[in-house]
Amino acid sequence: MPELPEVETLCRQLGKAIVGKILIKTQSLDEKLYHFSELEQHKVTSVSRRGKNLLLFFDDGRVLTVHLRMTGRLLWQKENGDPPKYTRFIMTFSHGRIFFIDPRRFMTLTWERTFPAQCGPEPFPHLDPAYLSDRGKNRKSPVKSFLLDQATIAGIGNIYACEILHLAGIAPMRPVCSIDGQQWQRLLSAIDDVLNKAVHCRGTSISDWRDFHGQKGTFQNELHVYGRDGLPCLRCGAAVVRGSIGGRGTYFCPGCQT
DNA sequence: TCCCATGTTGCTAA
DNA sequence: GTTAGCAACATGGG
């Protein structure tokens, strides 16, 4: 579910709600995971994002790294009341609670002195123009797999990879090493445009994504290819095709992505 | 019933 | 060393 724009949205909202506040209590509603009573009575000093990881820094120097995987959500609630269905973990502050909701239970929480980051550079808000083409110059793998590789770039997922390649006019199965200079420029600028716009839209609510306050994002209204197989391309009118690359559903326009 | 799913990891084989 | 493919994780929705 959550890719960079969704995690960035949560990061900003969470920062406003809990930085400087003391975590009073934690509760695990999933016996399989999450026994973090050591977090209690510590103050949150800052909140940041690394790729799709959300990082909560505490005043004892440790970091809680939250990865939402496919269906994880965080929801802030000021009032008392029952936790929503699929709530797996609860953090209680003096002024509200955070529900960690995850139907599929893939979400991971790790509590360490350092955060795990075998992540490549951040594409948001900007990426070094020379980096991508240099890293990709000898690679034969499909450019879409390259974009999804978190060690290459941190934070791009399946929806935004499809949208970025469509905006750049590049077919997703193209070998990375076949991308020419002008196409690298288009790719860079498409990464920049798509991610910045998606952050501005507070993410893509295609099925169940909601932000920290339960609101839908609006980028689902801006999608040009993702989920549009059989429908006309919004740029050239050809029918959008759904294929598979690296085992992931891949939407592209055979008319204007070459 | 079958297939799909916004993610990651680990294994196998080419 | 690369790379592609696939199962696994666990569950809901169409």
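Sequence lines set the chain letters: A, B, ... in the order given, protein chains first and strands last, and positions in each chain run from 1. For clarity, every value in this text was computed on a predicted model and none was experimentally measured.
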(request) Could you please name the option among dT8(B), dG12(C), dC4(B) that lies closest to any side-chain atom of Y86(A)? (result) dG12(C)
(message) Nearest to the R105(A) side chain among dC4(B), dT11(C), dG7(B), which nucleotide is it?
(response) dT11(C)
(message) Let's see if you can work this out: which of dT3(C), dT8(B), dA5(B) has an atom nearest to the side-chain heavy atoms of R104(A)?
(response) dA5(B)
(message) Can you list every stem that DNA chain B is part of, counting only runs of 3 or more consecutive Watson-Crick or G-U wobble pairs with both distances under 3.5 Å?
(response) B:2-5 with C:11-14, B:7-14 with C:2-9
(message) So if I take every side-chain heavy atom of Y226(A) and compare against dA4(C), dA5(B), dG7(B), which nucleotide ends up nearest?
(response) dA5(B)
(request) Can you tell me, in whole Å, how much space there is between the C1' of dT1(B) and that of dC9(C)? (result) 22 Å
(request) Using the six-membered ring wherever Trp is involved, compare the ring planes of H42(A) and W111(A) and label them parallel, tilted or perpendicular (cut-offs 30° and 60°). (result) tilted
(message) Hydrogens and angles aside, do Q183(A) and R174(A) bring a side-chain donor and acceptor to less than 3.5 Å of each other?
(response) yes
(request) May I ask whether F106(A) stacks on the base of dC9(C), given the cut-offs of 5.5 Å between ring centres and 30° between planes? (result) yes
(message) We want to know whether T250(A) and R242(A) form a side-chain donor-acceptor pair, criterion being a heavy-atom distance below 3.5 angstrom.
(response) no
(message) Between K21(A) and S94(A), do the side chains contain a donor N or O and an acceptor N or O under 3.5 Å apart?
(response) no
(request) Check the surroundings of atom NE2 in H213(A): do more than 12 heavy atoms from other residues, nucleotides or ligands lie under 6.0 Å from it? (result) yes
(request) Can you figure out which of dG7(B), dA5(B), dA4(C) approaches the side chain of N158(A) most closely? (result) dG7(B)
